[in-house]
Amino acid sequence: MGRVSTEPAPTPVPAPRSAGAATVLARSRADLAAALEKSPDPRAVVMTMGALHEGHFDLVREAARRVGPAGTVVVTIFVNPLQFAPTEDLDAYPRDLEGDLAGLARTLTGADGTLGVGRLIVFAPTPEVIYPCGQPAVRIDPGPIATVLEGRTRPTHFAGVCQVVLTLMHLTAPRWALFGRKDAQQLAIIESMVRDLAVPLEIVPVDIRRESDGLAMSSRNSYLSPEQRRQALALSRALQAGRDAAAQATGSRPDPAAIRQAALASLEAADSVEIDYVALVAPDSFEDLTGAGLGLPRSEPAGEDEEEQLPAVGLLAVAARVGTTRLIDNTLIDLCP
């Protein structure tokens, strides 16, 4: 579990800019509440840990499209200590609030120099603001999906994610919350949490943004040396190998085990890449579709009609280390004939 200070919030807390301004930077819960009270509906939220890149800005653009020129986009920037284990990169995680604010302004400002939404609120709290009593006494259980793949490697991660996401949903009260498909397991868990806890909002998935060479955009890419960045392309190549195997299937439906094996073989052949997992699972339930024992067990026993039990789409997910940097990537694969 990550570290959370129990010290009181520092004072004075920066106040938001003028209530009449189109962009507000809020650092406290009171700042945020005051800004929201004076902001037009509808409202969408994009939750980030900062170090924003074009993948984040795609979320912001979709949020702006949904709220329209008169609505409100809230972007939260918070490096959540609860989702980092003690051995992980909490202290080293890239932080650049000034650059993030500039990037958001560029993303939402039109050619005429005006903001493309009614209001942009950036909520950038400290851990003491989000967790005012230090370690939370009431915890969120992220459920069975959190026990496999990323959860097996990072067993406390998704509980920390759910804790902060639910808190931010309550604090921002949006109509829509947008999340990237790159963190596919996180997306599935958050969708389950919203459904099971009756959180009154809609989750909007947004596709992965990639560099021109296929590398999935990630804040952690900044850790890679030029040579490691080249080596990291092995992840997207492995996904392509899986897609190719599915496309070349000669049976009535692609063989999930063959798809996974093609991706695994591609990644195993790469230089200086330490594989964590290569899995093909159901995108919503994270049930294992290959018998590799990586996802959750299938809810129905396999039998003569096993093909008919397969979902129409599978999620091919990979995780690996390049140097000391752990990277993830995924793609959806059509399993229909």
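For this chain, numbers begin at 1 and follow the sequence in order. Values below: all heavy atoms of this structure, side chains included; hydrogens, waters and symmetry mates excluded.
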Side-chain heavy-atom pair Leu178, Asp58 within 4.5 angstrom cut-off: no
Short side-chain to backbone donor-acceptor contact, Asp96 and Gly99, under 3.5 Å: yes
Pair Asn80, Tyr93: side-chain N/O donor-acceptor within cut-off below 3.5 Å: no
Minimum-distance pair of heavy atoms, taken over all atoms of Gly295 and Val281: CA-CG1, 4.1 Å
Those residues that, when tested against Arg43, pass salt bridge (charged side-chain N to carboxylate O under 4.0 Å, His left out) (two or more places apart): Asp41
Under 3.5 Å: donor-acceptor pair, side chain of Glu268, backbone of Ile275: no
Review item, side-chain donor-acceptor pairs of residues 238-245, under 3.5 Å, at least two apart:
from, atom 1, to, atom 2, distance (Å)
Gln240, OE1, Arg243, NE, 3.3
Gln240, OE1, Arg243, NH2, 2.6
Gln240, NE2, Asp244, OD1, 2.8
Arg243, NH1, Thr331, OG1, 2.9

Sidechain-backbone polar pair: Gln185 side chain, Glu150 backbone, donor-acceptor under 3.5 Å: yes
side-chain contact (heavy atoms from CB on, under 4.5 Å) between Thr72 and Val67, intermediate numbers included: CA-CA 6 Å; Thr72 298; Val67 305; 6.0 Å; no
Nearest heavy atoms of Ile208 and Asn330, plus distance in Å: CD1-O, 3.5 Å
Check: Val164 and Met47 side chains under 4.5 Å, non-hydrogen atoms: no
Check: Val79 and Phe84 side chains under 4.5 Å, non-hydrogen atoms: yes
Flag side-chain contact, heavy atom, 4.5 Å: Leu90 against Gln83: no
Short N-O contact, Asp89 and Arg326, less than 4.0 angstrom: no
Residues Leu235, Leu215; criterion side-chain contact (heavy atoms from CB on, under 4.5 Å); working and verdict: CA-CA 8 Å; Leu235 277 74; Leu215 183 67; over 6 Å; no
Main-chain N/O of His53 paired with His56 side-chain donor or acceptor, under 3.5 Å: yes
Derivation of the side-chain contact (heavy atoms from CB on, under 4.5 Å) call for Phe286 and Ile189: CA-CA 10 Å; Phe286 271 64; Ile189 290 170; over 6 Å; no
Main-chain N/O of Val129 paired to Arg29 side chain as donor or acceptor, under 3.5 Å: yes
Arg260 (side chain) donor-acceptor with Val278 (main chain) under 3.5 angstrom: yes
For Ala159 against Ile140, the heavy-atom pair lying closest together: CB-O, 3.8 Å
From Leu233 atom CG to Gln231 atom CD, the distance as rounded to the nearest 0.5 Å: 9.5 Å
Chi angles and distances behind the side-chain contact (heavy atoms from CB on, under 4.5 Å) call for Asn221, Leu327: CA-CA 8 Å; Asn221 290 349; Leu327 301 172; 3.7 Å; yes
Atom pair OG/CD of Ser272 and Gln228 - distance to nearest 0.5 Å: 8.5 Å
Test side-chain contact (heavy atoms from CB on, under 4.5 Å) applied to Val122 and Asp100, Ile77, Thr48, the passing residue: Ile77
Distance (rounded to the nearest 0.5 Å) between Thr325 OG1 and Glu274 CD: 12.0 Å
Minimum heavy-atom distance Pro254-Pro256, with the two atoms named: O-CD, 3.2 Å
Side-chain H-bond candidate by donor/acceptor type, Ser225 with Glu227, under 3.5 Å: no
Where Phe123 and Ser28 come nearest, the two heavy atoms and their spacing: CE1-O, 3.5 Å
Separation of Leu280 CG from Leu335 CG (nearest 0.5 Å): 6.0 Å
CD-CD1 distance between Gln186 and Ile328, expressed to the nearest 0.5 angstrom: 8.5 Å
Check: Ala263 main-chain N/O paired with Ser266 side-chain donor or acceptor under 3.5 Å: no
N/O donor-acceptor pair under 3.5 Å between Asp329 side chain and Val318 backbone: no
Distance, nearest 0.5 Å, that separates CD of Gln163 from OG1 of Thr156: 12.0 Å
Any donor-acceptor pair under 3.5 Å from Arg27 side chain to Ala124 backbone: yes
Side chain to side chain, Asp284 and Leu315, heavy atoms closer than 4.5 Å: no
Validation row: Thr172, Leu32 side chains within 4.5 angstrom (heavy atoms): yes
For Pro136 against Tyr131, the heavy-atom pair lying closest together: CG-CD2, 3.6 Å
Donor-acceptor pair, side chain of Ser219 and main chain of Ala51, under 3.5 angstrom: yes
Side-chain heavy atoms of Pro174 within contact of Val74, under 4.5 Å: no
4.5 Å side-chain heavy-atom contact, Thr107 and Arg61: yes
Connected via hydrophobic side-chain network under 4.5 Å: Val45 and Val199: yes
Hydrophobic cluster identity match, Leu187 and Met217, side-chain contacts under 4.5 Å: no
N-O pairing of Glu191 and Arg195 below 4.0 Å: no
